[in-house]
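These notes are about the structure you will find just below.
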Amino acid sequence: VCTAYGAGFFFIPGTDTCLRISGRVRAEYRYLEPNVRVDDATGWRARARLNLDARTQTSYGTLRTFIRYEITRNSGN
């Protein structure tokens, strides 16, 4: 466990680099009363976020690398 940068960080084996992996997922489902029979009455949405935060101490201070990946998918109404 790498406590120098806060909760959730751990050492990458064989290095002095601390890494934290975090994220979230959200999903929604929706039903709307259709006006006509051929209308699509259902739909869904999914959203996800993945965060990678790496930190290493150097002689110049802390070197930080941060990557955030976001994706959204919609379907239906």
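What you see is a predicted model, and the numbers here were worked out from it, not measured in a lab.
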| message | Checking Tyr5 now: which residues fulfil ring-ring contact (aromatic ring centres under 6.0 Å, His included) with it, not counting sequence neighbours? | response | Phe9

| task | Among Thr58, Thr62, Leu63, find the residue that satisfies the side-chain contact (heavy atoms from CB on, under 4.5 Å) test when tested with Tyr60. | result | Thr58

| For residues 7-16, which residue pairs qualify under side chain to side chain donor-acceptor pair (under 3.5 Å), counting only residues two or more places apart or in two chains? | none

For residues 17-27, dump all side-chain donor-acceptor pairs below 3.5 Å to protein atoms at least two apart in sequence or in another chain.
{"from": "Thr17", "atom 1": "OG1", "to": "Thr56", "atom 2": "OG1", "distance (Å)": "2.8"}
{"from": "Ser22", "atom 1": "OG", "to": "Asn51", "atom 2": "ND2", "distance (Å)": "3.4"}
{"from": "Arg26", "atom 1": "NE", "to": "Glu28", "atom 2": "OE2", "distance (Å)": "2.9"}
{"from": "Arg26", "atom 1": "NH2", "to": "Glu28", "atom 2": "OE2", "distance (Å)": "2.6"}

| message | Can you tell me how far apart CZ (Arg73) and CZ (Arg47) are? Round to the nearest 0.5 Å. | response | 13.5 Å

| task | Can you measure from CZ (Phe10) to SG (Cys2) and round to the nearest 0.5 angstrom? | result | 10.0 Å

| message | Just to verify, what does Arg64 make a salt bridge (Lys or Arg N to Asp or Glu O under 4.0 Å) with, not counting sequence neighbours? | response | Asp53

| With Arg49 via salt bridge (Lys or Arg N to Asp or Glu O under 4.0 Å) - residues at least two apart | Glu70

| message | For Thr3, give me all partners under side chain to side chain contact (heavy atoms under 4.5 Å, CB included), at least two apart in sequence or on another chain. | response | Val1

| query | Around atom OH of Tyr69, are there more than 12 heavy atoms of other residues, nucleotides or ligands at under 6.0 Å? | reply | no

